[in-house]
Amino acid sequence: MEKLIINGGRPLFGDIDINGAKNAAVAIIPAAIMASEGICVIDNIPDIEDVNCIERIVENLGCTVKRTKNSLVIDSTLLNKFSACTEDVRKMRASYYLIGALLGRFKEARVELPGGCPIGVRPIDQHIKGFEALGAKVKIEHGSVIVKAEKLIGANVFFDVVSVGATINVMLAATLAEGVTILENPAREPHVVDVANFLNSMGANIKGAGTDVIRITGVDKLKGCNYSVIPDQIEAGTYMIAAAACGGEVAIKNVIPKHLESISAKLTEMGAEVIEEDDAVIVKSKGRLKGVNIKTSPYPGFPTDVQQPMCTLLAIAEGRSIINESIWESRFKHVDELKKMGASVKVEGRTAIIDGVNKLTGAVVKATDLRAGAAMVIAGLIAEGKTEIENIEHIDRGYPNIESKFKQLGASIMRETCEE
Ligand code: EPU
C-alpha cells in the first residue's frame, strides 16, 4: 500500500510531456489481437496499471507481448483461445473490448463481465445490441458474456445512447464481418478515432470515425502494423486544471490542442490564460479564478473524466459554480473527501453546487476512484499544509509518474509506503 504526501501552496512552473491516451491504449491492445498475420508494434503506450492489466490479459489468451518503456510488440498470430475469464478481466472496464475483438476474429468469445471505477451503473446493452445486429447470439451466464455467430454480417446499428465502449466494441467485430456496417449516433471521442485509425492501419476499412456516422466495410483478415497512440486528452486536461488551480505557468507538451478545446474554453471563462501552440498548451494563472457552470457531455462537450479535477478548482473559485454530471450517475465520491479539506459542496443527484471558499486545508483523504484521485492530488497541491492521499492504486491505473511530473513543476509531493 502506498500513499501520496503533498505539502501544498506552491505555484507550478515549467513544462511536462503528456503520455499516450489510456482509453485509446486499452482499446488498441485488444484490437491488436485481431491480427492473424504479422505483428503489431504500438508506440506511445502509457506506463500505467490499466495497460499492465490488459497486457497480462492478452498474454494469458496466448499472444506474445514484449514491452519496452513506451512501446508494445504484440504477436497474436498463434492465438487460438477465445475465452478470457481471470481476475484481471473482472478488474478493469476495457476488458470488454475482448468481446468484440474475439467475436470478430473467431466468431466466438466468452469474456467475464468487466469492472472499472465505481461511478454508477455501467450497462453494456448497447454493445449487445450491436453484436446481435451483426448476427451474434449473446447470453450472460455465470458472470460472463458469451457471444457466438455462424458468421457476422454487416448491419445498421443506431445507438440509443452515445457510448464510447459500444462504438469501439461493435466497430471491432464489424471490421471482420461480411459486408457493410453503419454505426449511427456513435461516440466521437478522440480515442474512438484513434482505434479506427489503428484498425485501418491493420487493413480494415472504416470511414467516418469522429463524425455522426461510421461506415465499416468488412475485410477478410487483419495484419500487424506500426502505430503510435494519441496523447491523453484527460491527462493533459488534469495538468491544465492543476496549473490553473495552483497558479504559475505550465507548458503541457505533446498534446493535440483541438482535443482540449472544451477544457481550454472553461479555464479561459474562469479567467486563466490558455495559449495554444502546435502540439502544446500553456496555462497561465494568477489570483483567484471565477466560478463557472459545467455540464459534462460526450465529445466535443466537456469530458466527464475531468469533471472531478475541475470540481477541486471550482471549490476555491470565486462565487457559486454548478456541475451537472450527465454521463455517470454517481461521480461525486470525491466531494466528501474535498469537504474534509474545507470545501463547500452540496450534491443533489447528478448536480453539485459549489460555493467557492478562500482556501483548502491539508487533511488525510482517499482516492475513491481514478479521477477522484486526480482531484485529491490537485486539492493537496493547493491546500495549506500537509495532505495525505490513501488508496492511490486508483491513480496509478491511469496517470503515469504523477508525482515526478508534479515535482518537475515545483510541487512538494512524494510517495510513501504505508501499512495496510
Ligand atoms: N451506456 C449505456 N449502455 C451501454 C453503454 C453505455 O446505457 O451499453 C451509458 C452509460 O451508463 C453512461 C453512458 O452510456 O451513462 C456513456 O458510457 P460509455 O459507454 O461511453 O462509457 P465507457 O465506454 O464504459 C469510457 C471510458 C470512461 C469514460 C466514458 C465516457 C474507457 C475504458 N472508459 O467508458 O473513462 O468516462 O467512456 O467518456 O474508455 C476514466 O477514464 O476515468 C473513465 C471512467
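First listed ligand is number 1; within each ligand, the first listed atom is number 1. All heavy atoms count here, side chains included; hydrogens, waters and symmetry mates do not.
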A.B. asks: Any side-chain heavy atom of I389 within less than 4.5 Å of one from K366?
C.D. replies: no
A.B. asks: Under a 3.5 Å threshold, yes or no: a donor from one side chain and an acceptor from the other, between Y399 and R371?
C.D. replies: yes
A.B. asks: Within the 4.0 Å heavy-atom shell around G165, which atoms of ligand 1 are there?
C.D. replies: 19 (O), 23 (O)
A.B. asks: Give the atom numbers and elements of ligand 1 that come within less than 4.0 Å of a heavy atom of R93.
C.D. replies: 24 (O)
A.B. asks: Give the numbers and elements of all ligand 1 atoms closer than 4.0 Å to a heavy atom of L370.
C.D. replies: 42 (O)
A.B. asks: Given side chains that start at C-beta, do those of R67 and I45 come closer than 4.5 Å, heavy atoms only?
C.D. replies: yes
A.B. asks: Would you check if I214 and K207 make a side-chain contact, meaning some heavy-atom pair closer than 4.5 Å?
C.D. replies: no
A.B. asks: Provide, to 0.1 Å, the distance between atom 17 (O) of ligand 1 and the closest protein heavy atom, together with that atom's residue and name.
C.D. replies: W328 CH2, 3.6 Å
A.B. asks: May I ask you to check if ligand 1 and I327 share an N or O to N or O distance below 3.5 Å?
C.D. replies: yes
A.B. asks: Give me the nearest non-hydrogen protein atom to atom 30 (C) of ligand 1 as residue plus atom name, then the distance to 0.1 Å.
C.D. replies: T304 CG2, 3.9 Å
A.B. asks: Return the closest protein heavy atom for atom 22 (P) of ligand 1 as residue, atom name and distance.
C.D. replies: Y96 OH, 3.3 Å
A.B. asks: Could a heavy atom of R331 be found less than 4.0 Å from some atom of ligand 1?
C.D. replies: yes
A.B. asks: For atom 34 (O) of ligand 1, grab the closest protein heavy atom and report residue, atom and distance to one decimal in Å.
C.D. replies: R122 NH2, 3.4 Å
A.B. asks: Would you say ligand 1 has an N or O under 3.5 Å from any N or O of H191?
C.D. replies: no
A.B. asks: Do any side-chain atoms of residues 19-28 form donor-acceptor pairs under 3.5 angstrom with protein atoms, and if so which ones, sequence neighbours left out?
C.D. replies:
| residue | atom | partner | partner atom | Å |
| --- | --- | --- | --- | --- |
| N19 | OD1 | K405 | NZ | 2.5 |

A.B. asks: For the residue pair E390 and V365, establish whether any side-chain heavy-atom pair is separated by less than 4.5 Å.
C.D. replies: no
A.B. asks: Which ligand 1 atoms, with their elements, are less than 4.0 angstrom from a heavy-atom of Q126?
C.D. replies: 3 (N), 4 (C), 8 (O)
A.B. asks: Can you tell whether the side chains of E112 and R90 come within less than 4.0 Å, N to carboxylate O?
C.D. replies: yes
A.B. asks: Hey, looking at atom 7 (O) of ligand 1, which of A374, P303, P123 has the closest heavy atom?
C.D. replies: P123
A.B. asks: Counting only nitrogen or oxygen atoms and a 3.5 angstrom limit, does V26 reach ligand 1?
C.D. replies: no
A.B. asks: Find all atoms of ligand 1 within a distance of less than 4.0 Å from any non-hydrogen atom belonging to H127, and give their numbers and elements.
C.D. replies: 8 (O)
A.B. asks: Starting from atom 9 (C) of ligand 1, which protein heavy atom do you reach first, and at what distance in Å?
C.D. replies: V161 CG2, 4.0 Å
A.B. asks: I need the contact type for V162 against ligand 1. Using non-hydrogen atoms and a strict under-4.0 Å cut-off, is it side chain, backbone, both or neither?
C.D. replies: backbone
A.B. asks: For ligand 1, which part of D125 has a heavy atom less than 4.0 Å away: the side chain, the backbone, both, or neither?
C.D. replies: both
A.B. asks: Check whether any heavy atom of I234 sits under 4.0 Å from an atom of ligand 1.
C.D. replies: no
A.B. asks: How does K22 reach ligand 1, by side chain, by backbone, by both or by neither, if only non-hydrogen atoms under 4.0 Å count?
C.D. replies: side chain
